[in-house]
Amino acid sequence: MRITSVFTIAVFLVCLGGVMAQEKGGTFTIGEGKLELTAPATWTRKEPASKIVEVEYAAPASKGDEAPGRLTAMGAGGSIESNVDRCMGQFTGPDGSAAKPVRDKTTPNGCELLIVDLTGTYKDSPGGPFAGGKTIMRENYRMVGAIIQTKDRGNYFLKFYGPKDTITENKKAFQEMVMSLKVK
């Protein structure tokens with residue numbers, strides 16, 4: 001009986017290890033498989049921390065940064081401007097005022113993208129925006145977001161945020177991922 005139990009536990013741990021194993025980079029889809037992007041090879045796919053997130057990746061932390069960069073991908077309701085306003089509301093500038101975003105537009109494969117870049121103190125809600133948990137103020141953070149606008153599939157949001165140096169170091173990889181967008 002003991003050998004069987006040990007064997008069962010060993011098989012369980014091997015299976016659990018397979019489930020817990022996290023892949024690096026690779027192609028992923030959002031929007032019910034209708035939009036495809038390629039994540040940087042150095043980024044690790046994670047189990048989404050929130051049910052509203054379709055896909056989540058962690059980018060390696062820069063030297064001296066404690067936290068990795070976090071990419072979340074999801075669909076969301078509301079207008080483009082209301083979503084930009086929500087992102088702006090998650091940051092404050094050095095003097096406590098609202099952070100001012102830098103905006104840019106691009107059009108990979110026929111989809112309009114609005115790129116929003118914010119820096120400042122990030123109001124982190126680790127349980128997600130609807131969890132009602134404690135907000136943690138994270139100084140010297142940065143967010144680069146891309147809002148994918150499609151004519152017939154709705155809008156999708158890629159939010160890449162974390163310590164400023166980590167995001168700055170990984171921004172080119174984020175931009176390459178955004179430009180890899182394919183509509184299926």
Side-chain angles (χ1 to χ4, degrees), residues 20-28 30 37-76 80 82-106 108 113-148 155-181:
M20 301 290 273
Q22 307 206 337
E23 60 190 66
K24 293 279 190 179
T27 300
F28 67 93
I30 57 175
L37 297 115
T38 302
T42 58
W43 293 15
T44 305
R45 189 158 183 174
K46 303 282 191 178
E47 185 68 31
S50 169
K51 293 183 192 275
I52 64 171
V53 173
E54 291 183 45
V55 176
E56 182 170 329
Y57 275 87
S62 293
K63 187 175 184 173
D65 282 344
E66 292 181 22
R70 180 180 183 213
L71 171 81
T72 58
M74 70 188 91
I80 301 299
S82 68
N83 282 282
V84 171
D85 290 346
R86 185 166 15 103
C87 289
M88 287 172 49
Q90 294 173 326
F91 279 83
T92 57
D95 60 356
S97 65
K100 306 285 188 254
V102 174
R103 297 173 185 232
D104 193 17
K105 288 186 178 183
T106 187
L113 270 75
L114 174 63
I115 308 294
V116 179
D117 195 334
L118 288 158
T119 302
T121 299
Y122 176 62
K123 301 172 192 172
D124 191 3
S125 300
F130 308 110
K134 182 180 177 187
T135 298
I136 300 168
M137 303 302 278
R138 302 199 187 273
E139 293 183 9
N140 202 27
Y141 258 50
R142 183 176 183 187
M143 184 213 58
V144 180
I147 302 173
I148 303 168
N155 298 325
Y156 295 90
F157 302 86
L158 303 173
K159 180 179 173 184
F160 181 47
Y161 67 98
K164 183 180 176 186
D165 289 344
T166 294
I167 301 307
T168 300
E169 189 172 292
N170 285 279
K171 184 177 178 186
K172 182 177 180 195
F174 173 80
Q175 291 169 322
E176 289 170 357
M177 179 189 67
V178 167
M179 295 308 291
S180 77
L181 175 67

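In this text the structure is predicted, and so the values were computed from the model without any measurement.
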Participant: Can you name the residues that form a salt bridge (charged side-chain N to carboxylate O under 4.0 Å, His left out) with Glu169, not counting sequence neighbours?
Facilitator: none
Participant: Could you go through the side chain to side chain contact (heavy atoms under 4.5 Å, CB included) check for Arg45 and Glu56 one step at a time?
Facilitator: CA-CA 6 Å; Arg45 189 158 183 174; Glu56 182 170 329; over 6 Å; no
Participant: Around Lys159, counting heavy atoms of other residues, nucleotides and ligands shown, do more than 12 lie under 6.0 Å from its NZ?
Facilitator: yes
Participant: When the ring planes of Tyr141 and Tyr122 are compared, do they come out parallel, tilted or perpendicular, using 30° and 60° as the limits?
Facilitator: parallel
Participant: Considering only heavy atoms from C-beta outward, does the side chain of Ser97 approach that of Asp95 to under 4.5 Å?
Facilitator: yes
Participant: To the closest 0.5 Å, what do you measure between CZ (Phe28) and CG (Leu71)?
Facilitator: 5.5 Å
Participant: Can you tell me how far the OG1 atom of Thr44 sits from the NZ atom of Lys24, to the nearest 0.5 Å?
Facilitator: 3.0 Å
Participant: Please report the closest heavy-atom contact between Thr166 and Gly69, naming both atoms and the distance.
Facilitator: CG2-N, 3.5 Å
Participant: Rounded to the nearest 0.5 Å, what separates atom CD1 in Ile115 from atom CD in Gln175?
Facilitator: 7.5 Å
Participant: Do Pro60 and Asn170 have side-chain heavy atoms sitting under 4.5 Å apart?
Facilitator: yes
Participant: With heavy-atom distances below 4.5 Å as the criterion, would you say the side chains of Met177 and Pro40 are in contact?
Facilitator: yes
Participant: Contact between Tyr161 and Gln90 at the side-chain level, heavy atoms closer than 4.5 Å - yes or no?
Facilitator: no
Participant: Tell me every residue that passes salt bridge (charged side-chain N to carboxylate O under 4.0 Å, His left out) with Asp65, counting only those two or more places apart in sequence or in another chain.
Facilitator: none
Participant: Quick check for you: to the nearest 0.5 Å, what is the distance between Ile52 atom CD1 and Met74 atom CE?
Facilitator: 5.0 Å
Participant: If you measure from CG on Asp117 to NZ on Lys100, what distance do you get to the nearest 0.5 Å?
Facilitator: 15.0 Å
Participant: What are the two closest non-hydrogen atoms of Ala73 and Ile30, and how far apart are they?
Facilitator: CB-CG2, 3.7 Å
Participant: Answer yes or no: is there a side-chain heavy-atom contact under 4.5 Å between Val84 and Ile147?
Facilitator: yes
Participant: Please report the shortest heavy-atom distance between Met88 and Ala99, naming the atom on each side.
Facilitator: CE-O, 3.9 Å
Participant: What is the minimum heavy-atom distance between Glu54 and Gly75, and which atoms define it?
Facilitator: OE2-N, 3.5 Å
Participant: Identify the two heavy atoms, one from Ser180 and one from Thr38, that lie closest to each other, and give their separation to 0.1 Å.
Facilitator: OG-N, 2.9 Å
Participant: Taking the ring of Trp43 and the ring of Phe160, is the distance between their centroids below 6.0 Å?
Facilitator: yes
Participant: For the CG atom of Leu113 and the CG atom of Asn155, what is their distance to the nearest 0.5 Å?
Facilitator: 10.0 Å
Participant: Passes side chain to side chain contact (heavy atoms under 4.5 Å, CB included), Thr119 versus Ile167? Steps please.
Facilitator: CA-CA 10 Å; Thr119 302; Ile167 301 307; over 6 Å; no
Participant: Does the side chain of Leu158 reach to within under 4.5 Å of the side chain of Leu37, using non-hydrogen atoms?
Facilitator: yes
